Amino acid sequence: LHTHSQDAAAHRVLVADDEPAMRLLCRVNLPLAGFEVVEAADGDAALALLREEHFDLALLDVMMPGVNGFGVAERLREDGVELPIVFLSARADGDDIRRGLAVGAVDYVTKPFDPLRIGERLHEALRAFAAGSADQLRATRLRELERR
Amino acid sequence: LSHRVDFLAGGGELGERIRALDWERTPLGPPERWPQSLRIAVRIMLASRQPIWVGWGEELTYLYNDPYRAIVGGKHPGALGRPTLEVWSEISDVIEPMLETALSGEAGTYVESQLLIMERYGYREETYYTFSYSPIPDDDGSAGGIICANTDDTQRVIGERQLALLRELGSRTADARTWQEVCASAADALATNPRDVPFALFYVAGEDDGLELVAGTGIEAGHPVALATVDYAKALGQRSILALDVPDGPLPTGVWDEPPARLALVPLAAAGETGKEGVLVVGLNPFRRLDDAYVDFLTLVGGQVSASIAAAQAYETERMRAEALAEIDRAKTVFFSNVSHEFRTPLTLMLGPLDEVLARPEALPGATRDALEVARRNALRLLRMVNTVLDFSRLGAGTAASAFRPTDLARVTAGLAEHFRTLFERGGLELDLDLRPLPEPVYVDGEAWETIVLNLLSNAFKFTLAGGVRLALEPVDGHVRIVVADTGTGIPAEEVPNLFERFHRVRNEQARTQEGTGIGLALVRELVELHGGTIGVESAVGRGTTFTVTVPLGHAHLPAEHVRHEAADHGAGTVAVAFAEEASRWIGLAPDSGPDAAGPGASETRVAVVDDNADMRDYLAALLARHWRVETYPDGRAALDAILADPPDLVVTDVMMPRLDGFGLLTALRADPATATLPVIVVSARAGEESSVEGLDAGADDYLVKPFSARELLARVRVNLELARLRADAGRVSALEEVRSHVVTTVSHELRTPVSAIYGAARTLDRGGELDEETRERLLGVIAGESARLARITDDILTTETLATGLLSVSPEPLDVRDPATAAVDAAQTRAGDGRAVRLHAPDEPFTVTADRGRLQQVFANLLDNAIKYSPDGGDVELALERVDGSVRVVVADDGLGIPEDARDQVFDRFYRVDSELTGGVGGSGLGLYICRELVQAMGGSIAVEPNEPRGTRFVVTLPAG
């Protein structure tokens, strides 16, 4: 696993994705947006890291071998681990997004995504979580879904 | 007499007796001192014409009137002046409580039809009375006595219940269809009246003069009484009822408290010619005498049972007659069905060629000759069969006009056999003639003898597939004996008794043909019997059959008016030729088969023709060969094997064939997935709606009844081929639809990932100077690798579509497997990204196979992609080449998640995705492994999956080397 950061004050984010290309994109782009990136290649590895270390945010792929992204979110909640979760998934159906938000994600980003803007989405999620307004952000996303 | 006893005046005998009795010796004292109440009661009693008694005082001293004498019976006149309970001691248990009730209050008692077992005549007797006990007030007002009025119900009660039993008997036995059922039902009916019939046993005369117990009630079959059949036999044929004292030993009592003391033997008369006679043994009511009424009753019971037995037997006789008629009718139907089969086939064969000739007059010379040849052969055959049928019906009608002439039987028989010589040689059988010269000419009817010999020979030929037939003729003790012994398939023992029955056909699949009318052997037997001779058969399945005909020498046994003394002079005529010709058509059923040369203008479409009749087969083949490639088979078994090995486009099959008939073939074809929808047209001579329904039920696509025209056959074949093509097209379209729908719902997700990576990498590259050189190269690598992946998924979709439409093509060329393997490994390495290796393990030598280069690389790429996907936590992936037993093996191994054992069989199925919690939904397209299997198989190889050690999965592709 690799850790990348530009400055010590960076937000610590766990990126879990089984696709090396996706991890590469996060590894390159997120530090430029003020994040320190820790990578995991599947759900089990992600869960282990999230339970043992402190992270400001988890960016989880949904379709991963072992425990999938939804499963990771559910187990964290069972364990009482509280941190903002953002899903990053090729599954872009309304049902998938609803399910992701229902298992506790603050936001749900669908692939393909603009790697130059993903940092902004994560900062938005961090702010909403810190301000206790995660539900409003979720509601916004669901409204967008309805309009789609 | 004192005026004080005027109340005793009149009253008939009892009046006199009461007046005469010395009442001083009774508790009542002299009548002059009787209280007024008693006087009035006695006055009423004596004046009444109803049976009345009066009891008075502490002991209820008994007085009664004349009508009551019949009730007192044997107790009269001693009962007068005695205490009531002494008079009726045997029924005191019933009447004492009633008397007490009547004496204790103001109200009397009243009972109807009360059963009272009275003992009046020295035996205990069943009686029924309706009576009332009314208290008589004494002069002081208390109850001083009882006056009782009686009605005797005994006859009525018993008569009613006997009548009820007779009714029951009638209704229960009315539906019985056999005498056994009658007896059983009658026993059930008798059980409803256990008072008159405490027990009963039905015996029927058996075969050996003994009696057989067939039913009973109220007593067990093993009881000594039930076994005393010898005693009962004397009642057989009697007109009246006999009574017997019962033997010692305990007997069932029925509803009584005493067992019967006597038995009545009621004869059951035989009715009709086949009637059964028997005896009904009845245990008699212990409380009734066997008086006229009882005898009448039992006689009625016996008569009713006899009548029911007779009715049941009449019914049974009628039923058997109806069954026999039905059997004859069935045999007739079978016969006509078979005969029509026999007639229709040659009819088709005669009409067909004519059709042909008329349709193409310009082709007359050659075609005419052939067609006429066929027509001639089948005309001969028809002639023979018509002859047989006519002979037979003549025999049946008793109008056989025979002429028995002295005949040199050895010479004539040899002449007949010679017609079969060539036939046997062609059929690969020995024909061993052992015809000894006979000491004298034998009187035979020439035509009949011919029929006997020819039928036996042709029969032997039909059922003998290997070995030979021996025909022997020898003199034996004033007789001549002809023996036809074959080494054929034999006749099952259960068939032998029916062998010479008319219309009986031995079902034997090990025959040269299923043709036959079922009258040949019956005809032979009847003709032999016409000569005063006998015919016998010995047979062992698998070893052969021997027919032996014995005919007396001389002519004394023959009807003189049919005997001619001029010597016969007849050579074997057309009949022998016809027999041999027909049998010759059975040859060639075995050897000839398989694809025939296609006629000019024939397409690639293949039609299989299955018929055991060689003429029919040739005819159908010639017709069809003008349009399609034709393959012919002599029976269902041969056809089935060939069709399953390489299915044609359509099958035309006969129904009746040896080894496996047309329906059997059809059923077998429908059971195999490869031929389940293969169009099959059934051709049969069996006309009639049931046959075609049977054929269509069995799954035939079409049904054609002989005779049919050439045009009709061609049209049906063409239509069914067209329908099959449309069905196949529809199948392809639906498979294609399935693929497309899968692509839309599932594979489109799969496309998102590489598209996302390419887009993301391209956007990231826009950062320009923010990125270092290494990162830029990695991003470009992502674009290259994911583009290749995108191309591969697209390829997979196209390949799957191609497979679905059945249009997959591979272009095999000799190549070194290392080339596509290296290319695939390189591409996979790019995609696997950092930190994990995709290794190629190949000895430094060429691995030459003949395969499609691009397809092979597609297979390897899919397997590697799969391995990378299912070993996500950085394990290595290896592609290894090895050589095993003339094959090249390509093993793609990972140490990833592995595949659950129960899923291994399915991973190569189209659209199968290991989509479970284990894989977190990384299902992939569901196309890759399916394509791998299809492509590998198309290139003559095979693919398997097995667990890797210590974990992970190995896919093993085996390709033939060279």
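Because the structure is predicted, anything quoted here is derived from the model rather than measured. Here is how names work: the chains are called A, B, and so on, in the same order as the sequence lines, proteins then strands, and each is numbered from 1.
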Just jot down the salt bridge (Lys or Arg N to Asp or Glu O under 4.0 Å) partners of Arg99(A), sequence neighbours excluded, or say none.
Glu74(A)
If the condition is side-chain hydrogen bond (donor to acceptor under 3.5 Å, both in side chains), which residues does Asp852(B) pass it with, not counting sequence neighbours?
none
Return the orientation label for the Phe70(A) and Tyr108(A) ring planes: parallel under 30°, perpendicular over 60°, tilted otherwise.
tilted
Which residues pass the side-chain contact (heavy atoms from CB on, under 4.5 Å) test with Glu82(A), not counting sequence neighbours?
none
Top contributor to chain B interface from Asn29(A), Asp44(A), Val28(A) [non-hydrogen pairs under 4.5 Å]
Asn29(A)
Residues 756-764 of chain B: residues contacting chain A (heavy atom under 4.5 Å, by number)
Ser756(B), Ala757(B), Tyr759(B), Gly760(B), Ala761(B), Arg763(B), Thr764(B)
For Arg117(A), I'd like to know if atom CZ has over 12 heavy atoms of other residues, nucleotides or ligands within 6.0 Å.
no
What I want to find out is whether Arg954(B) reaches Glu882(B) closely enough, with some N-O distance under 4.0 Å, to be called a salt bridge.
no
